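Just so we're on the same page: letters track the sequence lines, and every chain starts at 1. From a predicted model like this one, the values you see are computed outputs, not experimental measurements.
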Amino acid sequence: MADTFTFELVSPEKLLFSKPVAMVTVPGGEGEYGVLSGHAPMITTITPGVIQIYEEENAGPVERIFVAGGFAEVSQTRFTVLAGEAVPVSDLNRAALQEQAKAIAGKIDSANEHDLAALKTQQDVIAAKIQAAA
Amino acid sequence: MPSLKDLKNRIASVKSTRKITSAMKMVAGSKLRRAQENAEAARPYAARMERMLSSLAGDLTPSESSPRLLAGTGKEETILLVVMTSDRGLCGAFNGSIVREARRLIRQLEEEGKTVKLFCVGRKGRDLLRRDHADKIVQAVSEIGRKRLSYDDADKINAKILEMFDGGEFDVCHLVYNRFQSAMTQIVTVKQFLPFAVPALSDVDSASGKKAAEERAAFQAALEFEPDEKSILEALLPRALAVAVYGALLESAAGEQGARMTAMDNATRNAGDMINRLTLNYNRSRQAYITSELIEIISGAEAV
(Lines give C-alpha, C1' and ligand atoms only; values in the text may rest on other atoms or scores of the structure.)
Protein backbone atom coordinates (compact mmCIF):
# COMPACT_ATOMS: atom_id res chain seq x y z
CA MET A 1 0.00 0.00 0.00
CA ALA A 2 1.15 3.50 -0.81
CA ASP A 3 2.23 6.01 1.82
CA THR A 4 -0.64 7.78 3.41
CA PHE A 5 -1.09 11.07 5.20
CA THR A 6 -3.91 12.58 7.19
CA PHE A 7 -6.35 14.66 5.27
CA GLU A 8 -8.61 16.97 7.22
CA LEU A 9 -11.56 18.89 5.86
CA VAL A 10 -12.94 21.43 8.31
CA SER A 11 -15.88 23.76 7.97
CA PRO A 12 -16.47 26.53 10.51
CA GLU A 13 -19.21 24.46 12.07
CA LYS A 14 -17.45 21.13 12.34
CA LEU A 15 -14.70 18.75 11.39
CA LEU A 16 -16.05 17.01 8.30
CA PHE A 17 -13.36 14.57 7.33
CA SER A 18 -10.25 13.30 9.02
CA LYS A 19 -8.76 10.10 7.69
CA PRO A 20 -5.52 8.75 6.30
CA VAL A 21 -5.56 8.96 2.50
CA ALA A 22 -3.13 8.34 -0.35
CA MET A 23 -3.86 11.36 -2.49
CA VAL A 24 -6.10 14.40 -2.59
CA THR A 25 -6.67 16.81 -5.45
CA VAL A 26 -7.95 20.28 -4.67
CA PRO A 27 -8.90 23.28 -6.80
CA GLY A 28 -6.19 25.75 -5.81
CA GLY A 29 -6.25 29.46 -6.42
CA GLU A 30 -3.76 29.01 -9.25
CA GLY A 31 -5.01 25.78 -10.72
CA GLU A 32 -5.93 22.36 -9.47
CA TYR A 33 -3.20 20.39 -7.77
CA GLY A 34 -2.76 17.02 -6.15
CA VAL A 35 -1.17 16.33 -2.82
CA LEU A 36 0.67 13.08 -2.10
CA SER A 37 2.44 12.02 1.04
CA GLY A 38 5.66 14.00 1.56
CA HIS A 39 4.49 17.11 -0.27
CA ALA A 40 6.44 20.28 0.45
CA PRO A 41 4.75 22.48 3.04
CA MET A 42 2.65 25.25 1.61
CA ILE A 43 -0.41 27.40 2.08
CA THR A 44 -2.80 28.13 -0.75
CA THR A 45 -6.21 29.55 -1.39
CA ILE A 46 -8.98 27.39 -2.80
CA THR A 47 -11.51 28.36 -5.43
CA PRO A 48 -15.01 26.85 -5.66
CA GLY A 49 -14.63 23.35 -7.03
CA VAL A 50 -14.36 19.68 -6.22
CA ILE A 51 -11.98 18.00 -3.82
CA GLN A 52 -11.27 14.41 -4.79
CA ILE A 53 -10.05 11.99 -2.18
CA TYR A 54 -8.14 8.84 -3.16
CA GLU A 55 -7.52 6.08 -0.69
CA GLU A 56 -5.46 4.13 -3.24
CA GLU A 57 -3.19 5.91 -5.63
CA ASN A 58 -4.23 3.92 -8.66
CA ALA A 59 -7.90 3.47 -7.92
CA GLY A 60 -10.56 6.07 -8.57
CA PRO A 61 -11.55 8.70 -6.03
CA VAL A 62 -13.49 7.32 -3.06
CA GLU A 63 -15.07 10.60 -2.26
CA ARG A 64 -15.80 13.79 -4.14
CA ILE A 65 -16.69 16.84 -2.09
CA PHE A 66 -17.64 20.24 -3.41
CA VAL A 67 -16.18 23.21 -1.55
CA ALA A 68 -17.10 26.84 -2.03
CA GLY A 69 -13.65 28.28 -1.56
CA GLY A 70 -11.35 28.34 1.42
CA PHE A 71 -7.74 27.72 2.32
CA ALA A 72 -5.42 24.74 2.35
CA GLU A 73 -2.33 24.06 4.41
CA VAL A 74 0.13 21.28 3.77
CA SER A 75 2.41 20.43 6.67
CA GLN A 76 4.79 17.51 7.12
CA THR A 77 2.20 15.12 8.40
CA ARG A 78 -1.09 16.63 7.50
CA PHE A 79 -3.07 18.27 4.80
CA THR A 80 -5.76 20.59 6.11
CA VAL A 81 -8.49 22.27 4.11
CA LEU A 82 -10.46 25.05 5.74
CA ALA A 83 -13.60 25.21 3.65
CA GLY A 84 -16.40 27.71 3.65
CA GLU A 85 -19.18 25.47 2.50
CA ALA A 86 -18.71 21.77 1.77
CA VAL A 87 -21.20 19.35 0.19
CA PRO A 88 -20.66 15.87 -1.22
CA VAL A 89 -20.96 16.02 -4.99
CA SER A 90 -23.62 13.31 -4.93
CA ASP A 91 -25.89 15.67 -3.00
CA LEU A 92 -25.80 18.36 -5.65
CA ASN A 93 -28.98 18.59 -7.67
CA ARG A 94 -28.39 19.94 -11.12
CA ALA A 95 -31.96 21.08 -11.84
CA ALA A 96 -32.29 22.90 -8.53
CA LEU A 97 -28.94 24.58 -9.10
CA GLN A 98 -29.93 25.83 -12.50
CA GLU A 99 -33.02 27.37 -10.93
CA GLN A 100 -30.79 29.11 -8.42
CA ALA A 101 -28.47 30.31 -11.14
CA LYS A 102 -31.41 31.88 -12.96
CA ALA A 103 -32.64 33.56 -9.79
CA ILE A 104 -29.20 35.01 -9.13
CA ALA A 105 -28.82 36.21 -12.71
CA GLY A 106 -32.15 37.99 -12.34
CA LYS A 107 -30.99 39.63 -9.13
CA ILE A 108 -27.71 40.75 -10.66
CA ASP A 109 -29.57 42.66 -13.36
CA SER A 110 -31.45 44.70 -10.82
CA ALA A 111 -28.80 44.85 -8.10
CA ASN A 112 -27.12 48.03 -6.98
CA GLU A 113 -23.37 48.34 -6.87
CA HIS A 114 -23.25 47.51 -3.21
CA ASP A 115 -24.67 43.99 -3.55
CA LEU A 116 -23.14 43.25 -6.89
CA ALA A 117 -19.87 41.79 -5.64
CA ALA A 118 -21.59 39.41 -3.23
CA LEU A 119 -24.02 38.26 -5.90
CA LYS A 120 -21.21 37.72 -8.39
CA THR A 121 -19.45 35.46 -5.90
CA GLN A 122 -22.66 33.53 -5.36
CA GLN A 123 -23.03 33.17 -9.09
CA ASP A 124 -19.50 31.81 -9.41
CA VAL A 125 -20.13 29.30 -6.65
CA ILE A 126 -23.33 28.08 -8.28
CA ALA A 127 -21.68 27.86 -11.69
CA ALA A 128 -18.92 25.75 -10.15
CA LYS A 129 -21.53 23.57 -8.47
CA ILE A 130 -23.33 22.98 -11.76
CA GLN A 131 -20.07 22.01 -13.37
CA ALA A 132 -19.31 19.66 -10.52
CA ALA A 133 -22.72 18.03 -10.74
CA ALA A 134 -22.39 17.40 -14.46
CA MET B 1 -54.82 37.74 57.68
CA PRO B 2 -55.52 36.11 54.33
CA SER B 3 -58.52 33.85 54.21
CA LEU B 4 -58.24 30.10 53.66
CA LYS B 5 -59.42 30.48 50.11
CA ASP B 6 -56.74 33.09 49.39
CA LEU B 7 -54.03 30.82 50.73
CA LYS B 8 -55.27 27.94 48.68
CA ASN B 9 -55.20 30.02 45.54
CA ARG B 10 -51.74 31.26 46.36
CA ILE B 11 -50.44 27.72 46.80
CA ALA B 12 -51.96 26.65 43.50
CA SER B 13 -50.36 29.57 41.70
CA VAL B 14 -46.91 29.00 43.16
CA LYS B 15 -47.21 25.33 42.25
CA SER B 16 -47.89 26.15 38.63
CA THR B 17 -45.00 28.61 38.62
CA ARG B 18 -42.77 25.87 39.91
CA LYS B 19 -43.90 23.62 37.10
CA ILE B 20 -43.02 26.27 34.56
CA THR B 21 -39.61 27.02 36.00
CA SER B 22 -38.68 23.39 36.27
CA ALA B 23 -39.75 22.83 32.67
CA MET B 24 -37.67 25.83 31.60
CA LYS B 25 -34.74 24.43 33.49
CA MET B 26 -35.04 21.16 31.64
CA VAL B 27 -35.31 22.90 28.27
CA ALA B 28 -32.32 25.10 29.04
CA GLY B 29 -30.39 22.00 30.05
CA SER B 30 -30.92 20.27 26.76
CA LYS B 31 -30.25 23.47 24.82
CA LEU B 32 -27.09 23.91 26.80
CA ARG B 33 -25.91 20.49 25.77
CA ARG B 34 -26.55 21.29 22.14
CA ALA B 35 -24.83 24.67 22.43
CA GLN B 36 -21.82 23.02 23.99
CA GLU B 37 -21.69 20.45 21.21
CA ASN B 38 -21.78 23.25 18.66
CA ALA B 39 -19.01 25.10 20.43
CA GLU B 40 -16.99 21.90 20.58
CA ALA B 41 -17.51 21.21 16.88
CA ALA B 42 -16.36 24.68 15.90
CA ARG B 43 -13.10 24.38 17.76
CA PRO B 44 -11.02 22.48 15.17
CA TYR B 45 -11.64 25.13 12.53
CA ALA B 46 -10.74 27.96 14.86
CA ALA B 47 -7.59 26.19 16.01
CA ARG B 48 -6.39 25.49 12.48
CA MET B 49 -7.27 28.96 11.33
CA GLU B 50 -5.20 30.33 14.16
CA ARG B 51 -2.25 28.13 13.24
CA MET B 52 -2.43 29.13 9.62
CA LEU B 53 -2.67 32.78 10.52
CA SER B 54 0.31 32.67 12.79
CA SER B 55 2.28 30.94 10.03
CA LEU B 56 1.32 33.71 7.69
CA ALA B 57 1.56 36.76 9.83
CA GLY B 58 3.53 35.63 12.87
CA ASP B 59 6.71 37.39 11.82
CA LEU B 60 4.98 40.24 10.12
CA THR B 61 5.41 43.53 11.94
CA PRO B 62 2.59 46.01 11.49
CA SER B 63 3.68 48.47 8.86
CA GLU B 64 2.24 50.74 6.25
CA SER B 65 2.03 47.95 3.74
CA SER B 66 0.36 45.38 5.96
CA PRO B 67 -3.40 44.93 5.56
CA ARG B 68 -5.54 47.53 7.29
CA LEU B 69 -7.33 44.90 9.32
CA LEU B 70 -4.01 44.09 10.98
CA ALA B 71 -2.48 47.53 11.18
CA GLY B 72 -5.61 49.43 12.16
CA THR B 73 -6.19 53.04 11.27
CA GLY B 74 -3.32 54.26 13.38
CA LYS B 75 -5.70 56.12 15.66
CA GLU B 76 -7.64 55.19 18.75
CA GLU B 77 -10.33 57.80 18.82
CA THR B 78 -13.56 56.06 18.03
CA ILE B 79 -14.20 52.76 19.71
CA LEU B 80 -16.87 50.32 18.66
CA LEU B 81 -18.15 47.97 21.33
CA VAL B 82 -19.95 44.87 20.12
CA VAL B 83 -22.16 43.91 23.03
CA MET B 84 -23.44 40.34 22.88
CA THR B 85 -26.50 39.54 24.96
CA SER B 86 -29.44 37.18 24.68
CA ASP B 87 -32.80 37.82 23.07
CA ARG B 88 -34.73 36.53 26.02
CA GLY B 89 -34.66 37.21 29.70
CA LEU B 90 -35.07 34.91 32.69
CA CYS B 91 -31.44 33.99 32.70
CA GLY B 92 -30.22 35.51 35.92
CA ALA B 93 -27.45 38.04 35.76
CA PHE B 94 -26.37 37.00 32.28
CA ASN B 95 -27.44 40.17 30.48
CA GLY B 96 -27.12 42.42 33.50
CA SER B 97 -23.43 41.74 33.96
CA ILE B 98 -22.66 42.30 30.28
CA VAL B 99 -24.52 45.58 30.26
CA ARG B 100 -22.84 46.66 33.48
CA GLU B 101 -19.43 45.97 31.96
CA ALA B 102 -20.42 47.82 28.80
CA ARG B 103 -21.52 50.85 30.82
CA ARG B 104 -18.30 50.80 32.78
CA LEU B 105 -16.28 50.68 29.56
CA ILE B 106 -18.28 53.49 28.03
CA ARG B 107 -17.70 55.68 31.07
CA GLN B 108 -14.02 54.86 31.17
CA LEU B 109 -13.48 55.50 27.48
CA GLU B 110 -15.41 58.72 27.55
CA GLU B 111 -13.31 59.95 30.43
CA GLU B 112 -10.31 59.34 28.21
CA GLY B 113 -11.97 61.60 25.67
CA LYS B 114 -12.83 58.92 23.16
CA THR B 115 -15.98 58.48 21.17
CA VAL B 116 -17.88 55.29 21.80
CA LYS B 117 -20.23 53.53 19.42
CA LEU B 118 -22.29 50.49 20.24
CA PHE B 119 -23.25 47.49 18.18
CA CYS B 120 -25.85 45.47 20.08
CA VAL B 121 -26.24 41.81 19.33
CA GLY B 122 -29.32 40.43 21.04
CA ARG B 123 -32.49 42.20 22.05
CA LYS B 124 -31.93 42.43 25.79
CA GLY B 125 -28.71 44.38 25.52
CA ARG B 126 -30.24 46.83 23.12
CA ASP B 127 -33.26 47.36 25.36
CA LEU B 128 -31.13 47.96 28.42
CA LEU B 129 -28.54 50.19 26.79
CA ARG B 130 -31.14 52.19 24.93
CA ARG B 131 -32.17 53.81 28.18
CA ASP B 132 -29.02 55.79 28.77
CA HIS B 133 -26.89 55.33 25.67
CA ALA B 134 -29.44 55.43 22.88
CA ASP B 135 -27.42 57.94 20.88
CA LYS B 136 -24.41 55.63 20.76
CA ILE B 137 -26.14 52.59 19.32
CA VAL B 138 -25.25 52.52 15.65
CA GLN B 139 -26.28 48.97 14.86
CA ALA B 140 -28.46 46.38 16.51
CA VAL B 141 -29.31 42.86 15.48
CA SER B 142 -31.46 40.37 17.30
CA GLU B 143 -32.94 36.94 16.79
CA ILE B 144 -29.51 35.55 16.00
CA GLY B 145 -29.58 31.80 15.75
CA ARG B 146 -33.08 31.33 17.07
CA LYS B 147 -33.13 27.79 15.86
CA ARG B 148 -29.53 26.96 15.45
CA LEU B 149 -26.60 29.29 15.45
CA SER B 150 -24.88 29.01 12.11
CA TYR B 151 -21.65 30.34 10.75
CA ASP B 152 -23.64 32.47 8.31
CA ASP B 153 -25.12 34.45 11.20
CA ALA B 154 -21.64 35.26 12.43
CA ASP B 155 -20.53 36.08 8.92
CA LYS B 156 -23.33 38.60 8.54
CA ILE B 157 -22.41 40.38 11.76
CA ASN B 158 -18.79 40.34 10.75
CA ALA B 159 -19.64 41.80 7.35
CA LYS B 160 -21.47 44.67 9.04
CA ILE B 161 -18.54 45.40 11.31
CA LEU B 162 -16.06 45.29 8.45
CA GLU B 163 -18.24 47.53 6.35
CA MET B 164 -18.27 50.11 9.11
CA PHE B 165 -14.52 49.74 9.48
CA ASP B 166 -13.99 50.29 5.79
CA GLY B 167 -16.24 53.31 5.99
CA GLY B 168 -13.92 54.71 8.64
CA GLU B 169 -16.62 54.80 11.27
CA PHE B 170 -14.37 53.53 14.04
CA ASP B 171 -10.71 52.81 14.77
CA VAL B 172 -10.78 50.05 17.33
CA CYS B 173 -13.37 47.39 17.99
CA HIS B 174 -13.89 45.26 21.08
CA LEU B 175 -16.22 42.36 21.63
CA VAL B 176 -18.00 42.23 24.98
CA TYR B 177 -19.48 38.82 25.63
CA ASN B 178 -19.97 36.10 28.21
CA ARG B 179 -17.41 33.37 28.03
CA PHE B 180 -18.84 30.04 29.03
CA GLN B 181 -16.98 28.40 31.84
CA SER B 182 -19.52 26.11 33.40
CA ALA B 183 -23.28 26.05 33.71
CA MET B 184 -22.87 28.07 36.89
CA THR B 185 -20.31 30.63 35.79
CA GLN B 186 -20.01 32.84 32.79
CA ILE B 187 -17.11 35.21 32.62
CA VAL B 188 -17.64 38.63 31.12
CA THR B 189 -14.91 38.98 28.55
CA VAL B 190 -13.71 41.97 26.60
CA LYS B 191 -11.70 40.98 23.59
CA GLN B 192 -9.98 43.16 21.06
CA PHE B 193 -11.42 42.47 17.64
CA LEU B 194 -9.97 45.12 15.38
CA PRO B 195 -7.18 45.71 14.60
CA PHE B 196 -6.70 42.00 14.58
CA ALA B 197 -4.21 40.63 17.07
CA VAL B 198 -2.32 37.78 15.47
CA PRO B 199 -1.74 34.90 17.84
CA ALA B 200 1.99 34.57 18.29
CA LEU B 201 3.60 31.33 17.24
CA SER B 202 4.94 30.79 20.72
CA ASP B 203 1.40 30.89 22.12
CA VAL B 204 0.27 28.18 19.79
CA ASP B 205 3.22 25.97 20.52
CA SER B 206 3.87 26.65 24.17
CA ALA B 207 2.03 23.51 25.21
CA SER B 208 4.15 21.19 23.11
CA GLY B 209 7.45 22.57 24.29
CA LYS B 210 10.54 24.08 22.80
CA LYS B 211 11.45 21.29 20.44
CA ALA B 212 8.13 21.60 18.67
CA ALA B 213 8.71 25.31 18.36
CA GLU B 214 12.04 24.71 16.68
CA GLU B 215 10.55 22.22 14.27
CA ARG B 216 7.84 24.70 13.65
CA ALA B 217 10.36 27.38 12.78
CA ALA B 218 12.07 25.06 10.29
CA PHE B 219 8.72 24.28 8.75
CA GLN B 220 8.00 27.96 8.63
CA ALA B 221 11.10 28.63 6.56
CA ALA B 222 10.18 25.94 4.07
CA LEU B 223 6.62 27.13 3.58
CA GLU B 224 5.52 27.99 0.11
CA PHE B 225 2.63 30.24 -0.66
CA GLU B 226 0.31 30.17 -3.59
CA PRO B 227 -0.54 32.76 -4.87
CA ASP B 228 1.56 34.87 -2.46
CA GLU B 229 1.73 35.52 1.23
CA LYS B 230 0.03 38.86 1.13
CA SER B 231 -3.00 37.95 -0.94
CA ILE B 232 -3.62 34.85 1.12
CA LEU B 233 -3.43 36.92 4.25
CA GLU B 234 -5.86 39.42 2.81
CA ALA B 235 -8.33 36.68 1.96
CA LEU B 236 -7.80 34.89 5.24
CA LEU B 237 -8.23 37.83 7.62
CA PRO B 238 -11.94 38.53 7.11
CA ARG B 239 -12.55 34.82 7.48
CA ALA B 240 -10.55 34.70 10.69
CA LEU B 241 -12.56 37.62 12.03
CA ALA B 242 -15.84 35.90 11.19
CA VAL B 243 -14.55 32.85 13.05
CA ALA B 244 -13.80 35.06 16.05
CA VAL B 245 -17.36 36.41 15.97
CA TYR B 246 -18.73 32.92 15.57
CA GLY B 247 -16.69 31.70 18.51
CA ALA B 248 -17.93 34.54 20.70
CA LEU B 249 -21.53 33.93 19.65
CA LEU B 250 -21.23 30.25 20.46
CA GLU B 251 -19.73 30.97 23.87
CA SER B 252 -22.45 33.46 24.55
CA ALA B 253 -25.20 31.07 23.46
CA ALA B 254 -23.85 28.32 25.69
CA GLY B 255 -23.46 30.81 28.53
CA GLU B 256 -27.04 31.99 28.14
CA GLN B 257 -28.44 28.50 28.44
CA GLY B 258 -26.17 27.77 31.37
CA ALA B 259 -27.25 30.94 33.15
CA ARG B 260 -30.89 30.22 32.46
CA MET B 261 -30.55 26.69 33.75
CA THR B 262 -29.00 27.90 37.00
CA ALA B 263 -31.53 30.70 37.40
CA MET B 264 -34.45 28.36 36.80
CA ASP B 265 -33.00 25.79 39.17
CA ASN B 266 -32.90 28.43 41.88
CA ALA B 267 -36.40 29.58 41.05
CA THR B 268 -37.71 26.03 41.26
CA ARG B 269 -36.10 25.56 44.63
CA ASN B 270 -37.43 28.87 45.94
CA ALA B 271 -40.92 27.99 44.73
CA GLY B 272 -40.65 24.71 46.65
CA ASP B 273 -39.69 26.56 49.86
CA MET B 274 -42.53 28.97 49.35
CA ILE B 275 -45.03 26.16 48.87
CA ASN B 276 -43.89 24.57 52.13
CA ARG B 277 -44.27 27.85 53.98
CA LEU B 278 -47.67 28.54 52.52
CA THR B 279 -48.89 25.03 53.22
CA LEU B 280 -47.85 25.36 56.83
CA ASN B 281 -49.69 28.65 57.03
CA TYR B 282 -52.71 27.14 55.39
CA ASN B 283 -52.86 24.21 57.80
CA ARG B 284 -52.46 26.48 60.78
CA SER B 285 -55.25 28.79 59.70
CA ARG B 286 -57.47 25.82 58.99
CA GLN B 287 -56.90 24.43 62.44
CA ALA B 288 -57.49 27.81 64.03
CA TYR B 289 -60.68 28.10 62.07
CA ILE B 290 -61.91 24.66 63.17
CA THR B 291 -61.02 25.38 66.77
CA SER B 292 -62.81 28.69 66.82
CA GLU B 293 -65.86 27.10 65.21
CA LEU B 294 -65.90 24.36 67.84
CA ILE B 295 -65.63 26.91 70.62
CA GLU B 296 -68.55 28.77 69.15
CA ILE B 297 -70.68 25.62 69.03
CA ILE B 298 -69.76 24.58 72.56
CA SER B 299 -70.32 28.00 74.07
CA GLY B 300 -73.59 28.21 72.14
CA ALA B 301 -74.69 24.86 73.64
CA GLU B 302 -73.66 25.95 77.12
CA ALA B 303 -75.69 29.11 76.89
CA VAL B 304 -78.89 27.17 76.25
Quiz item: When you look at B:Glu40 and A:Lys14, which way does the side-chain contact (heavy atoms from CB on, under 4.5 Å) test go after all the steps?
Solution: CA-CA 8 Å; B:Glu40 203 63 50; A:Lys14 61 179 185 228; over 6 Å; no
Calculate, to the nearest 0.5 Å, the distance between atoms [atom1] and [atom2] belonging to [X] and [Y] respectively.
| X | Y | atom1 | atom2 | answer |
| --- | --- | --- | --- | --- |
| A:His39 | B:Glu224 | NE2 | CD | 7.5 Å |
| A:Leu9 | B:Tyr45 | CG | OH | 10.0 Å |
| B:Asp152 | A:Glu85 | CG | CD | 8.0 Å |

Exercise. Identify which of A:Gly28, A:Ala40, A:Ala83, A:Gly70 forms the greatest number of heavy-atom pairs closer than 4.5 Å to chain B.
Key: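 The candidate making the most pairs under 4.5 Å is A:Ala83.
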Practice problem: Look at A:Gly69, A:Ser11, A:Gly29 and state which one has the largest set of heavy-atom pairs under 4.5 Å with chain B. | Solution: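 Between A:Gly69, A:Ser11, A:Gly29, the count favours A:Ser11.
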Practice problem: Taking only Lys NZ, Arg NE, NH1 and NH2, and the carboxylate oxygens of Asp or Glu, determine whether B:Arg48 and A:Glu8 approach each other closer than 4.0 Å. | Solution: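 A salt bridge is present here (some side-chain N lies under 4.0 Å from a carboxylate O).
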Self-check item: Between B:Asn38, B:Val243, B:Leu236, the one whose heavy-atom pairs under 4.5 Å with chain A are most numerous
Solution: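 The candidate making the most pairs under 4.5 Å is B:Leu236.
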Quiz item: Where does A:Ser18 contact chain B at under 4.5 Å (heavy atoms): side chain, backbone, both or neither?
Solution: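 When you check distances to chain B, no heavy atom of A:Ser18 falls under 4.5 Å.
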Quiz item: With a 4.5 angstrom heavy-atom cut-off, which part of B:Ser231 approaches chain A: side chain, backbone, both or neither?
Solution: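 Answer is neither: B:Ser231 stays 4.5 Å or more from chain A.
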Quiz item: Of the backbone (N, CA, C, O) and the side chain (C-beta and beyond), which part of B:Tyr151 lies under 4.5 Å from a heavy atom of chain A, both, or neither?
Solution: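 B:Tyr151 touches chain A through backbone and side-chain heavy atoms alike.
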Practice problem: Quick one: do B:Met52 and A:Phe71 satisfy side-chain contact (heavy atoms from CB on, under 4.5 Å)? Show the steps, please. | Solution: CA-CA 9 Å; B:Met52 209 184 272; A:Phe71 306 90; 3.8 Å; yes
Self-check item: By side-chain hydrogen bond (donor to acceptor under 3.5 Å, both in side chains) - contacts of B:Thr78 (at least two apart)
Solution: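 Counting only residues at least two positions away or on another chain, B:Thr78 forms no side-chain hydrogen bond (donor to acceptor under 3.5 Å, both in side chains).
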Quiz item: Has A:Glu30 got more than 12 heavy atoms of other residues, nucleotides or ligands less than 6.0 Å from its CD?
Solution: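 Enclosed.
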Exercise. Determine, step by step, whether B:Arg51 and A:Thr80 satisfy the side-chain contact (heavy atoms from CB on, under 4.5 Å) criterion, reporting the C-alpha distance in whole Å, the side-chain angles of both residues, the deciding distance to 0.1 Å, and the verdict.
Key: CA-CA 11 Å; B:Arg51 217 183 44 197; A:Thr80 312; 4.0 Å; yes
Practice problem: With a 4.5 Å heavy-atom cut-off (strictly below), which parts of residues 43-52 of chain A touch chain B? List them by number. | Solution: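 Only A:Ile43, A:Thr44, A:Thr45 of residues 43-52 of chain A have a heavy atom under 4.5 Å from chain B.
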